[in-house]
Peer 1: 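Right, I'll just put the structure down here and ask away after.
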Amino acid sequence: ATALLIQTDTGAVGQVIDNRKIVDLPLNGRNFTQLATLTPGVTPSGAMGTGRAQSVFVSGSRATKTEFVLDGVSSTGPINGGTGILPSIDALEEFKVQTSAFAAEFGRSPALVNISIKSGSNAFHGSAFEFVRNDVFDARNTFALSKPPLKRNQFGVTFGGPLKQNDFFFFGNYEGLRQRRGTTFNAVVPAAAQKNGDFGSIAIFDPATTRLEGSTYVRSPFPGHRIPADRVAPEAAYFLKFFPEGNNPDGTRYIVSPSNSDDNDQFTIRLDKKVKSAGLLFGRYTFSNVKTFTPSAFPALVGVTLRSRFQNAGVTYTHTWRPTLISETRLGYNREYTLEDAPGIGTNHTVLSGITGFDRTSESVPRFPQIGISGFTGIDGRTFRPLNNTNDIYQIIQTVSRYTGKHTLKVGADLRQQRNTNWNTAYNSGNFSFSGTYTLNPGVARSGSGFADFLLGLPASANRSFPRDAFGNRFSNYHF
């Protein structure tokens, strides 16, 4: 059949990506949002927020403003935008990217991605697949000492058919991902001599000797550019054991390729039922559970785990009152839950080091502090972690369509309630920054060291706060 050059029944501008394109075109990671970029003016955005949500930029608008609709109900995250529901491409019937001038019922955002899940039919159909990638075919990272590991398995099944011929149908899909991928860190660490206070050719000055000479403050150098052992702050000495020894020739770099992990399980189930002669009822539930582990550059800090869980459900009843009058009722629910932890949870390293003033703020969630050192890789305690976001959207949609000759009249309402709850630890264990300010001399170029300031226990800045207990909001939107 010849495609229409002009669409006369609507002014919407967009493109439909059908099942054949979805399945046949190559996709790295089997993420359908990559295919949205086949539409003019659409570019990928990458991950949204702390979870696995994805989105796209459309015609220059923000990716957070792109609306995602799955089988007629919203699957868009209310806080960071995008969608965490990324159905398997084998479960998609089609999706349409609408970039402008779409109908009033979709007029909440500058762009729309409308997704449809397959339904069952009178015949049984199914499929199974697995994609395997590993490091056998990979080259060594230029900056890695050895080839980083890679083990990736992506697998799944689909199955659908009749529960009752010509009346009741089902469709189901499962997809899983198991990935272990090496991440190469090239961390700048203090040399063994610097840990002992010896900075060699780096000029460091004693802040205790600061004085005013004329109109300039000056300091006297540490003898031999070495900090005496009795001047090393006990708080700094506590954290020295967490800095690994360098493994490059001059001992100033720690190069390591630990594995991160990515485990993802998702499934979709859809049921379609004819209701007498004039009604059609369908329900769908989609669930996605993601667990990722990201290692730290320092082995003693281990790493952080991010858990994300996304759920979306929709029920639609369509009734044909007469050939020219159709009503449609939809109920929708969308939930996003993410929890990201932090290194060292359970051990109060801030208090154990002897840093005072954190007994109360860190007692509920003890962990590592954040320590930044200019010119070096610091201790990444992950401020504001642990962090939890829970977002729920409840949706009721009612539309009535009337067809009269060449004209169509459609009226309706879209009622939504959003509930957002969040909590994080903020700076409960401290956030310290060492810049070299205290061990430089204004009149001597290339003097001072951030690590020397750290050994002396003299941060350029520090932050402290209590954890932010559960907070959030609840609001309702009414669209007519």
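Only heavy atoms go into these numbers, but all of them, side chains included; no hydrogens, no water, no symmetry mates.
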Peer 1: Phe434 vs Phe454 aromatic rings, parallel, tilted or perpendicular, using cut-offs 30° and 60°?
Peer 2: perpendicular
Peer 1: To check you understand the geometry: which heavy-atom pair defines the closest contact between Gly172 and Ile269, and what is its length?
Peer 2: CA-CD1, 4.1 Å
Peer 1: A side-chain contact here means heavy atoms from C-beta on lying under 4.5 Å apart; do Pro207 and Phe222 qualify?
Peer 2: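 Contact flag for Pro207/Phe222 side chains = yes.
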Peer 1: How far apart are the closest heavy atoms of Ala63 and Ser45, and which atoms are they?
Peer 2: CB-CB, 3.6 Å
Peer 1: Could you check whether any side-chain N or O of Ser308 sits under 3.5 Å from a backbone N or O of Thr338, counting only pairs where one atom can act as donor and the other as acceptor?
Peer 2: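 No, the answer is negative, given that no donor and acceptor are paired below the 3.5 Å cut-off.
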Peer 1: Give a yes or no on whether the backbone of Ser74 and the side-chain of Gln395 come within a donor-acceptor separation of less than 3.5 Å.
Peer 2: yes
Peer 1: Could you go through Glu245 and Lys195, starting from their C-alpha distance and side-chain angles, then the distance that decides it, and tell me whether this counts as salt bridge (charged side-chain N to carboxylate O under 4.0 Å, His left out)?
Peer 2: CA-CA 10 Å; Glu245 298 294 332; Lys195 287 185 177 181; 3.2 Å; yes
Peer 1: Filter on salt bridge (charged side-chain N to carboxylate O under 4.0 Å, His left out), then keep only pairs touching residues 77-95, sequence neighbours left out; what's left?
Peer 2: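 For residues 77-95, and leaving out neighbouring residues, the salt bridge (charged side-chain N to carboxylate O under 4.0 Å, His left out) pairs sorted by first residue read Arg30-Asp90.
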Peer 1: Would you find a donor on one side and an acceptor on the other, under 3.5 Å apart, between the side chain of Thr83 and the backbone of Ser75?
Peer 2: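 Pair found, side chain donor or acceptor close to backbone of Ser75.
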Peer 1: So, are Lys96 and Asp18 salt-bridged, with charged N and O less than 4.0 Å apart?
Peer 2: no
Peer 1: Output all residues satisfying side chain to side chain contact (heavy atoms under 4.5 Å, CB included) with Ala208, sequence neighbours left out; order by chain, then residue number.
Peer 2: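 With neighbours one apart ignored, the set is Asp206, Arg231.
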Peer 1: When you compare the side chain of Leu112 with that of Val69, does any pair of heavy atoms fall below 4.5 Å?
Peer 2: yes
Peer 1: Within this structure, what is the OG-CG distance for the pair Ser288 and Leu86, rounded to the nearest 0.5 Å?
Peer 2: 7.0 Å
Peer 1: I'd like to check the side chain to side chain contact (heavy atoms under 4.5 Å, CB included) partners of Arg474; sequence neighbours left out, ordered by chain and number.
Peer 2: Gln417, Arg419
Peer 1: Contact between Asn422 and Asn388 at the side-chain level, heavy atoms closer than 4.5 Å - yes or no?
Peer 2: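 The answer is no; the side chains never approach within 4.5 Å.
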Peer 1: Can you find a pair of side-chain heavy atoms, one from Thr421 and one from Tyr337, that are under 4.5 Å apart?
Peer 2: no
Peer 1: Not counting sequence neighbours, list each pair that qualifies as a salt bridge (charged side-chain N to carboxylate O under 4.0 Å, His left out) and has a residue in residues 375-384.
Peer 2: Glu340-Arg382
Peer 1: Is the shortest heavy-atom distance from the side chain of Asn391 to the side chain of Arg335 under 4.5 Å?
Peer 2: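 Sidechains of Arg335 and Asn391: no contact.
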Peer 1: Do you know the tightest heavy-atom contact between Ile117 and Asp71?
Peer 2: N-OD1, 3.1 Å
Peer 1: Return the minimal non-hydrogen interatomic distance between Ala342 and Val304, and the atom names on each side.
Peer 2: CA-CG1, 3.9 Å
Peer 1: Check Pro343 against Arg367 and note the closest heavy-atom contact, atom names and distance.
Peer 2: O-CB, 3.6 Å
Peer 1: Do Phe171 and Ser119 have side-chain heavy atoms sitting under 4.5 Å apart?
Peer 2: no
Peer 1: Asp265 pairs by salt bridge (Lys or Arg N to Asp or Glu O under 4.0 Å) with which of Arg309, Arg178, Lys291?
Peer 2: Arg178
Peer 1: Is there any side chain to side chain donor-acceptor pair (under 3.5 Å) pair reaching into residues 445-457, and which pairs are they, with sequence neighbours excluded?
Peer 2: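 Non-adjacent pairs meeting side chain to side chain donor-acceptor pair (under 3.5 Å): Thr439-Asp453.
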Peer 1: Using a 4.5 Å cut-off on heavy atoms from C-beta on, say whether the side chain of Asp392 contacts that of Gln418.
Peer 2: no
Peer 1: Less than 3.5 Å apart, which donor and acceptor atoms pair up between the side chains of residues 246-259 and the rest of the protein, not counting sequence neighbours?
Peer 2:
residue	atom	partner	partner atom	Å
Asn247	OD1	Ile255	N	2.9
Asn247	ND2	Ile255	O	2.9
Asn248	OD1	Gly251	N	3.0
Asn248	OD1	Thr252	N	2.9
Asn248	OD1	Arg253	N	3.0
Asn248	ND2	Asp250	OD1	2.7
Asp250	OD1	Thr252	N	3.2
Asp250	OD1	Thr252	OG1	2.7
Asp250	OD2	Thr252	OG1	3.2
Ser257	OG	Thr184	OG1	2.9

Peer 1: Between Val56 and Thr43, is there a side-chain heavy-atom distance shorter than 4.5 Å?
Peer 2: no
Peer 1: Not counting sequence neighbours, which residues clear salt bridge (Lys or Arg N to Asp or Glu O under 4.0 Å) with Arg180? List them please.
Peer 2: Asp263
Peer 1: Using modelled atom types only, decide if a donor and an acceptor are shared between the side chain of Thr37 and the backbone of Val42 within a distance under 3.5 Å.
Peer 2: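 No: the side chain of Thr37 does not pair with the backbone of Val42.
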Peer 1: Return the OG1 to CD distance between Thr361 and Glu363, rounded to the nearest 0.5 Å.
Peer 2: 8.5 Å
Peer 1: Would Arg270 pass as a cation-pi partner of Phe282, given that its NZ or CZ must be under 6.0 Å from the six-membered ring centre and within 45 degrees of the axis?
Peer 2: yes
Peer 1: Ignoring hydrogens, what is the shortest heavy-atom contact between Ser296 and Phe185? Give both atom names and the distance.
Peer 2: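 For Ser296 versus Phe185, the nearest heavy atoms are O-CE1, 3.8 Å.
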Peer 1: Which donor-acceptor pairs under 3.5 Å do the side chains of residues 145-160 make with protein atoms, sequence neighbours left out?
Peer 2:
residue	atom	partner	partner atom	Å
Lys147	NZ	Asp135	O	3.2
Lys147	NZ	Asp138	O	3.0
Lys151	NZ	Asp135	OD2	3.3
Arg152	NH1	Gln179	OE1	2.5
Arg152	NH2	Gln154	OE1	3.2
Asn153	ND2	Glu130	OE2	3.0
Gln154	NE2	Gly29	O	3.4
Gln154	NE2	Glu175	OE2	3.0
Thr158	OG1	Ser127	N	3.4
Thr158	OG1	Ser127	OG	2.6

Peer 1: Going by ring pair (Phe, Tyr, Trp, His ring centres under 6.0 Å), name the residues that satisfy it together with Phe287, two or more places apart in sequence or in a different chain.
Peer 2: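 With sequence neighbours excluded, Phe287 shows a ring pair (Phe, Tyr, Trp, His ring centres under 6.0 Å) to Phe267, given in chain and number order.
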Peer 1: Taking only residues two or more places apart in sequence or in another chain, which ones pass side chain to side chain contact (heavy atoms under 4.5 Å, CB included) with Pro40?
Peer 2: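 Testing Pro40 for side chain to side chain contact (heavy atoms under 4.5 Å, CB included), a comparison that skips the adjacent residues, returns Gln15.
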Peer 1: With sequence neighbours left out, what residues match Phe32 under ring pair (Phe, Tyr, Trp, His ring centres under 6.0 Å)?
Peer 2: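 Ring pair (Phe, Tyr, Trp, His ring centres under 6.0 Å) check on Phe32 returns Phe95.
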Peer 1: Got a list of side-chain donor-acceptor pairs under 3.5 Å for residues 234-244, not counting sequence neighbours?
Peer 2:
residue	atom	partner	partner atom	Å
Tyr238	OH	His349	ND1	2.8
Lys241	NZ	Tyr238	O	2.8

